[in-house]
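Written out below as C-alpha cells is the structure these notes cover.
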Amino acid sequence: MNTGLRITTFAAALAATFGAAYGVGQGVDPVAAGNQPKHEGEHTRPVPEGEKGGGHTGHDTPPAGGLQISEGGYTLDLQTPRVTAGEQAGLRFAVRDADGRAVTAYQREHDKELHLIVASRDLVTYRHLHPTRAADGTWSTPVDLPRAGGYRVFADFTPAGKDAENLTLGADLAASGPYEARPLPPASATARVDGYEVKLSGAPQPGRASELKLNVSRDGKPVTDLQPYLGAYGHLVALRSGDLAYLHVHPNGEPGDGTTRPGPGISFTATAPSSGSYRLFLDFKHDGKVHTAAFTVHAGGATAGSGTPEGHAEDGHGH
C-alpha cells in the first residue's frame, strides 16, 4: 500500500427502518461532503471553493482513492452487494479496466497484490482482509459482519504496468438484520485489545503533516519485540466520520531500512484533509498474531486524551 495520504470525499447515508429489520433493498442517498485530500502523483481536478475545508487555502485537494467506485479507467465491481449480519458469507468482486475486462495483473505491495478494507458506516466494525484471486480476475474472501447496517468496501491496489498508479476504489455493502444505530465511540488516547494497551500521542492536523506515535505494552511492560506484518511494524488506516474519507499510512521507516526498530513506539506521519472526527485503526503483530486497536480522534480540535477508552475494532481483526 502506498505510504502517503489517500483520501477522497463522498458521503452517503444508508436508510434504516427504525424498530424493524434493516432492509437489504433500501436506497443510498448521497450527501454533499467537504475536502478531498492531496494524493501525491495521482489524479487531479479543479476543486470548488466549497470543498476546501478548515481555512487552509493553498492546499490542493485533488481526488485520491477510497470512496469512488471508478477512477483512472478502473472500476470496482462488487458482485456481493449484500450479506446477512452474523453469518459468514463469501465476498466476491473484480476490478475492471476501461474495456470492462477483469484485471488479472497487479503489482505486489507489502506482500499482496490487493488489500481489502471493510468498515461499517458508524466506524465501529473494521476488517482488513486479504482476498485470493482466481485466474479470471475474480477476487474472493470470507467475511462475517456482526451487525446489520451500511458498510463500505475499499480495494487498494496498483495495476501492473510501468506507469501504473496506486488506486483505492470503494463500493457500498449492506448487511441485513435487526438494525440499531450507534454513535461514534468517544475520543481516547488509550486502546485496550487482546490484553495489550496501546497509547496514542498526537492527532492529525488539517492541512499540515503531524506525527502520530503509538506505544504498545502488555501487563504494564513495553512490548519491544513487535513483528513485521506485511513488510511493516504497523499499519494505520483512518476514516473520517460522516463521509468515510480514507487515508492509509505506514510507519516512518520500514523493517530493515535502519530507521525503524521493533519496539513499543510506532511513528506515523499524516495530514488530515479537514477538521472533524476520525477513527484510527492500528494493525500490529506480536507473538505471531495480528491485533487491531481503534481510536477516535479530532483533527483541528482537542487531541486524543479524553473520554472512555475504546479498545478494539468490533469482534477483532478480519484475518
Side-chain angles (χ1 to χ4, degrees), residues 1-13 30-72 76 115 117 119-123 126 152-156 165-172 184-185 187 200 202-214 235-252 267-282 294-304:
M1 300 187 187
N2 67 340
T3 59
L5 176 66
R6 303 199 316 279
I7 299 180
T8 185
T9 56
F10 178 93
V31 181
N35 284 29
Q36 292 185 342
K38 187 173 181 63
H39 192 191
E40 294 183 6
E42 298 201 5
H43 316 282
T44 62
R45 67 164 175 83
V47 180
E49 287 301 319
E51 294 187 7
K52 298 177 181 179
H56 293 276
T57 58
H59 293 278
D60 293 332
T61 54
L67 296 174
Q68 298 180 105
I69 197 168
S70 296
E71 183 181 356
L76 175 59
H115 298 261
I117 301 295
S120 60
R121 287 202 170 272
D122 59 17
L123 296 179
Y126 171 85
R152 190 71 176 173
V153 176
F154 301 90
D156 185 334
E165 297 177 339
N166 181 268
L167 296 170
T168 304
L169 304 179
D172 285 324
L184 185 72
L200 169 67
Q205 298 300 315
R208 63 182 178 88
S210 61
E211 184 182 31
L212 308 177
K213 188 171 183 180
L214 296 111
H235 291 258
L236 186 67
V237 168
L239 297 173
R240 183 168 60 190
S241 178
D243 64 358
L244 271 68
Y246 174 99
L247 78 93
H248 192 136
V249 294
H250 288 290
N252 294 325
S267 176
F268 299 84
T269 299
T271 304
S274 71
S275 300
S277 296
Y278 291 77
R279 189 79 165 149
L280 308 184
F281 300 94
L282 172 72
F295 304 82
T296 298
V297 298
H298 301 299
T303 58

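Keep in mind it's a predicted model, so treat the numbers as computed, not measured.
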What is the distance from atom CG of Leu212 to atom OG1 of Thr269, rounded to the nearest 0.5 Å? 7.5 Å
Out of Leu123, Thr296, Asp122, which residue meets the side chain to side chain contact (heavy atoms under 4.5 Å, CB included) rule with Pro185? Thr296
State the CG-CD distance between Leu76 and Gln68, to the nearest 0.5 angstrom. 12.0 Å
Would you sort out whether Leu214 and Phe295 count as a side chain to side chain contact (heavy atoms under 4.5 Å, CB included), showing the intermediate values? CA-CA 11 Å; Leu214 296 111; Phe295 304 82; 3.4 Å; yes
Between Phe268 and Leu280, is there a side-chain heavy-atom distance shorter than 4.5 Å? no
Working to the nearest 0.5 Å, report the span between CG of Leu167 and OG of Ser70. 10.5 Å
Tell me the closest heavy-atom pair linking Ser210 and Ala203, and the distance in Å. OG-O, 3.1 Å
One should read off an interatomic distance between Leu236 CG and Leu200 CG, to the nearest 0.5 angstrom, of 8.5 Å
Side-chain contact, heavy-atom cut-off 4.5 Å: Ile69 with Asp172? no
The reported gap from CG in Leu239 to CZ in Arg152 (rounded to nearest 0.5 angstrom) is 11.0 Å
Where is the tightest heavy-atom contact between Gly300 and Pro206, given as atom of each residue plus distance? N-CD, 3.5 Å
Between the CD atom in Gln205 and the OG atom in Ser275, the distance rounded to the nearest 0.5 Å is 8.5 Å
Taking the side chain as C-beta and beyond, is there a heavy-atom pair between Ile117 and Tyr246 under 4.5 Å? yes
